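All figures in this text were calculated on a predicted structure; none of them were measured in a lab. Letters A, B, ... are given to chains in the order of the sequence lines, protein chains preceding strands, and every chain is numbered from 1. Below, all heavy atoms of this structure are taken into account, side chains as well, without hydrogens, waters or symmetry copies.
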Amino acid sequence: MNDKASSAPRPLTAGDRLYLIDGSGYIFRAYHALPALTRKSDGLPVGAVHGFCGMLIKLLRDASNGEKPTHLAVIFDHSAETFRNAIYPEYKAQRPEPPEDLIPQFGLIREAVRAFNVACVDQEGYEADDLIATYARQAREAGAEVHIISSDKDLMQLVRPGVTMLDTMKDKTIGEAEVLEKFGVPPEKVIDVQALAGDSVDNVPGIPGIGVKTGAQLITEYGDLETLLSRAGEIKQTKRREKLIEFADQARISRELVTLKDDVPVEEPVEDFAVREPDPGAVVGFLKAMEFTTLTRRVASDLEADAEAIEPVPVAVEGWEAPAADGGGAAAAAAGDGAATPGMRAAAAADAVRAVAIDPSAYETVTTLDRLDAWIAQAREHGVVAVDTETTSLLAMSADLVGISLALEPGRACYIPVGHRASDGFDFDGDGIAQLDRAEVVERLKPMMEDPSVLKVGQNFKYDWLIFIRQGICPAPVDDTMLISYALDSGRGGHGMDELSERHLGHKPIPFKEIAGSGRQQVTFDLVPVDKATAYAAEDADVTLRLWLALKPRLAAEGKTAVYETLERPMVAVLGEMERAGVQVDRNVLSRLSHDFAQGMARLEAEIHELAGESFNVGSPKQLGEILFGKMGLEGGRKTKTGAWGTGADVLETLAAQGHDLPLKVLEWRQLSKLKSTYTDALPGYIDGEERVHTSYSLAATSTGRLSSSEPNLQNIPVRTEAGRKIRTAFVAPRGAKLVSADYSQIELRVLAHMADIPELKQAFADGLDIHAMTASEIFSVPIEGMDPMVRRRAKAINFGIIYGISAFGLANQLSIPREEAADYIKRYFERFPGIRDYMEGTKAFCREHGYVETLFGRRCHFPNINVKHPSERAFNERAAINAPIQGTAADIIRRAMIRMADALEEAKLKARMLLQVHDELIFEAVDEEVDRTIETAVTIMERAAEPAMTLKVPLKVDARAAENWEEAH
DNA sequence: AAGTCTTCGTA
DNA sequence: GTACGAAGACTTC
């Protein structure tokens with residue numbers, strides 16, 4: 001403990017303000033919410049420490065309500081074991097180990113607390129939360145005001161008159177209203193809801209199938225947990241009633257686990273927390289040692305101390321070793337401009353963006369040409385402008401422009417309505433609404449939107465790009481906050497605007513539903529009143545700009561500029577063009593197939609009902625399960641976690657193999673049903689007036705760098721079965737042209753051979769051998785000549801398994817062999833190719849240590865759950881971590897090819913257009929006389945796509961051919 | 001009307 | 001065993 005105040009502490013009284021900081025909670029939250037930051041001189045991770053010190057300084061200057069604390073303490077957890085483990089041994093049992101770069105910061109934060117001369121409290125056997133509950137009760141009973149610095153929902157039960165929580169990271173006070181919003185019940189009933197809902201993070205079991213929503217509703221209805229449990233028999237919903245009865249005791253234990261103990265025999269009296277003036281030498285010395293230049297300056301000036309004269313105070317660091325000289329810090333520092341590192345500038349930028357509150361009522365609606373010109377002029381002067389379009393549809397290819405919003409600085413944004421209509425049903429052309437003419441607005445915006453010196457910032461800009469292109473504007477240059485986030489944080493959560501706003505700005509944007517309604521009452525944006533539209537649309541531009549300010553500096557700080565600039569940003573226009581082109585689809589082919597499939601289904605259905613002896617819905621797994629395992633009494637066991645009979649294809653196949661006719665016919669029926677509903681019936685709905693279908697590609701939907709395709713998904717058009725392949729004949733080229741398909745051969749195995757550096761595999765690819773036959777020959781010691789196809793098939797399954805992070809269980813499933821046999825194959829494979837095993841182990845170890853893996857081109861994929869305790873979940877993460885660099889590198893390579901393709905085709909004076917991408921395949925449309933040269937160009941670009949950034953140790957091979965339709969071209 | 005589960009199509 | 005998206009059934013509101 002630090003120096004005691006000279007006079008004896010006086011008891012707390014009314015008028016005192018006690019601030020209790022949940023130190024342990026803060027550390028984890030700050031670590032994840034704030035940008036990673038390292039000490040410039042040696043790379044010591046200090047992001048959470050920086051956030052913590054900033055928070056302390058702000059609090060000591062003036063808390064957010066403008067009142068300084070009279071008493072202040074930081075409370076920490078003592079150790080993992082608490083009295084709760086005696087009640088329930090599994091409590092917090094699956095907490096992951098803290099990340100490597102957080103460990104040294106635990107000690108540093110305690111050092112910080114001491115340096116600031118603030119009370120620092122922990123106590124064996126109790127969690128920080130219990131100590132907080134106890135001190136809060138004592139202070140409140142003494143008449144003092146209590147503020148708890150935390151956003152932990154477990155502390156929300158303490159909120160009451162005189163006790164509030166304060167989330168300093170979001171600058172938000174949590175009072176009774178906020179608790180009610182979060183839990184649906186007032187604070188005193190929070191523990192009852194938690195007892196029902198449980199908590200997977202703390203491993204509080206709760207009652208299965210009941211979440212916060214249902215829990216709150218039940219508690220509201222019955223008053224409290226005990227009443228609910230004793231009257232559980234009255235519940236109408238069967239499943240819910242049974243669960244409540246079955247797991248009643250589990251709920252009672254859960255309630256004990258979440259109830260905070262407010263009568264801990266505390267060792268430190270609350271009076272001792274009276275705020276004390278820090279010693280300038282200690283606190284400035286500490287901040288200097290951390291190399292927090294801005295904070296040092298701020299504190300020195302607050303304390304009227306001369307920062308220059310104070311030496312850094314050496315701080316011992318536990319749990320971290322400085323790298324040898326010339327570590328990563330040097331590279332980061334090289335990009336800096338003076339004292340601050342890019343990391344610190346990135347952190348400062350994120351702080352600054354949070355500083356200005358978001359106020360949707362403060363935006364301007366632009367309805368005169370003068371104001372429009374003024375905004376355009378300011379955008380040009382400013383050099384950066386966030387842009388967002390509002391339209392009538394999520395489908396960019398058929399959406400009509402309704403308005404445009406611009407943002408120049410945080411809080412300074414406008415909305416330009418151009419296509420609103422009154423919703424009374426009479427004003428069809430919008431004459432009655434004050435808005436500018438669309439064509440005129442477009443014409444005036446165009447020069448600025450195309451001005452190379454004005455950067456246009458968007459969120460998911462491919463959408464807006466398509467809208468602008470269709471208006472005759474070709475926006476450039478552009479930045480996309482969604483793609484910046486994707487380059488930085490893939491695997492750490494989604495990249496949609498609302499999610500990013502909540503994550504980085506602590507702000508929840510107005511939901512679309514709130515202004516346009518939902519369900520039956522939902523209206524298109526053109527029918528939204530202009531004032532509401534302004535609040536919504538301008539806020540989007542404002543948020544986009546703030547996200548850009550917060551995220552863009554991180555690219556340089558985290559070394560991801562090249563990934564963003566070479567693999568992400570150029571894709572906006574490339575995919576935009578592909579989506580705009582679309583692919584021609586012959587609706588007559590689809591309609592004929594639909595008819596054929598329907599006939600086949602009807603025939604099978606009759607046969608199935610005959611075999612079952614009754615009529616039932618073949619498409620219902622539930623009814624089918626009843627027939628198979630109930631009525632017919634077949635062996636096959638329960639499966640799914642909800643307790644239903646499993647009727648997956650594998651189960652039905654097993655039954656069919658035993659000679660049962662019904663499951664076989666169900667399998668055939670399902671195949672036809674799938675093809676009909678998903679493809680032949682659904683696709684015609686996407687065909688436009690030009691007979692073409694325009695899919696939408698998502699650049700940020702996968703964790704690995706692959707694209708995804710939706711509305712419709714053209715990356716899962718059938719190919720494996722004869723019936724399915726017929727659907728591909730509906731994808732055609734226009735008269736006088738052909739479809740060209742070019743696909744990489746074995747790209748993932750080639751990538752693996754390069755990355756793991758396996759001599760035999762490299763040689764095999766160099767020699768153009770059949771890689772699966774070669775693998776089979778190596779591990780089963782059989783000659784390639786005259787090989788049994790079954791042996792090759794086994795080797796092929798192993799090769800795929802390797803890419804997926806093989807497990808004996810999975811391989812056994814794939815090959816329908818016993819697990820022991822599969823384990824034996826894997827063992828033999830690794831004996832023959834030890835380099836693959838080393839590579840896989842190396843990848844896992846790297847991921848465990850860093851929390852991410854990277855592709856050859858530097859794309860980072862995060863795995864926040866790689867270190868969880870639960871064995872099968874961890875194994876799942878490990879397999880994904882092994883797969884990600886392989887799948888991701890292949891994805892990077894085809895992206896590079898696609899980005900170069902447009903220029904290459906143009907340079908070769910070819911009219912061919914790239915239409916589709918299916919992970920390792922590109923589909924083009926080329927006029928008949930240019931087919932050969934298109935193939936030549938496409939193959940060359942694709943095979944050389946890794947160069948010059950990377951020289952692969954194996955050649956890339958591309959097969960390409962042309963035909964009238966996709967089936968024949970593939 | 002909205003959300004979850006199951007199944008199945010692709011690389 | 002990896003990565004996705006879509007459809008229908010089912011459940012609950």
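Test A:Asp586, A:Ile923, A:Leu714 against A:Phe731 for side chain to side chain contact (heavy atoms under 4.5 Å, CB included) and you get one pass: A:Leu714.
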Please list, one pair per line, the donor and acceptor atoms closer than 3.5 Å that link side chains of residues 814-821 of chain A to other protein atoms, with sequence neighbours excluded.
residue: A:Glu821; atom: OE2; partner: A:Tyr825; partner atom: OH; Å: 2.8

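Cation-pi geometry between A:Arg828 and A:Phe780 is not met: the NZ or CZ atom fails to fall both under 6.0 Å from the ring centre and inside 45° of the normal.
Here C:dA9 is the nucleotide among C:dA9, C:dT11, C:dT2 with the atom lying nearest to any side-chain atom of A:Pro621. Distance from the side chain of A:Asn813 is smallest to C:dG1 among B:dA11, C:dG1, C:dA9.
Put simply, A:Thr704 has no side-chain N or O that comes within less than 4.0 Å of OP1 or OP2 on B:dA11. The phosphate of C:dG8 (OP1 or OP2) has no side-chain N or O of A:Ser620 nearer than 4.0 angstrom. Residue A:Asn617 places at least one side-chain N or O under 4.0 Å from the OP1 or OP2 atom of C:dA9. Taking side-chain N and O atoms only, A:Ser709 has no distance below 4.0 Å to OP1 or OP2 of B:dT10.
In this structure, NE2 of A:His919 is placed 8 Å from P of B:dA11, rounded to the nearest angstrom. If you take CE of A:Met601 and C1' of C:dA7, they are 12 Å apart, rounded to a whole angstrom. What separates CD1 of A:Ile882 from P of C:dA3 is a distance of 12 Å, to the nearest Å. Nucleotide B:dA11 holds its P atom 11 Å from the NZ atom of A:Lys796, rounded to whole Å. To the nearest angstrom, P of B:dG9 lies 15 Å from NZ of A:Lys726. Summarising the geometry, the separation between CZ on A:Arg728 and P on B:dG9 is reported as 13 Å, rounded to the nearest angstrom.
If you check every strand for non-hydrogen atoms under 4.0 Å, A:Arg879 touches sugar and phosphate atoms only. Among the protein residues, A:Ala649 comes within range of the sugar-phosphate backbone only, with heavy atoms under 4.0 Å from sugar or phosphate atoms but none that close to a base. Within the 4.0 angstrom heavy-atom criterion, no nucleotide atom of any strand lies near A:Ala891.
Within a heavy-atom distance below 4.0 Å of DNA chain C, the residues of residues 800-812 of chain A found are A:Gly801, A:Tyr804, A:Ile806, A:Ser807, A:Phe809, A:Gly810, A:Leu811. Within residues 662-682 of chain A, the residues approached by DNA chain C to less than 4.0 Å at the level of any non-hydrogen atom are A:Lys674, A:Ser677, A:Thr678, A:Ala682, in residue-number order. Using a 4.0 Å cutoff on non-hydrogen atoms, no part of residues 739-753 of chain A comes near DNA chain C. Listed by residue number, the members of residues 712-725 of chain A with any heavy atom below 4.0 angstrom from DNA chain B are A:Gln715, A:Asn716, A:Ile717, A:Pro718, A:Val719, A:Arg720.
At most 12 non-hydrogen atoms from other residues, nucleotides or ligands lie less than 6.0 angstrom from CD of A:Glu722. A:Lys513 NZ: 12 or fewer foreign heavy atoms inside a 6.0 Å radius.
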Dot-bracket summary - DNA chain C, pairs being Watson-Crick or G-U whose distances fall under 3.5 Å, with | when paired to another strand:
.|||||||||||.
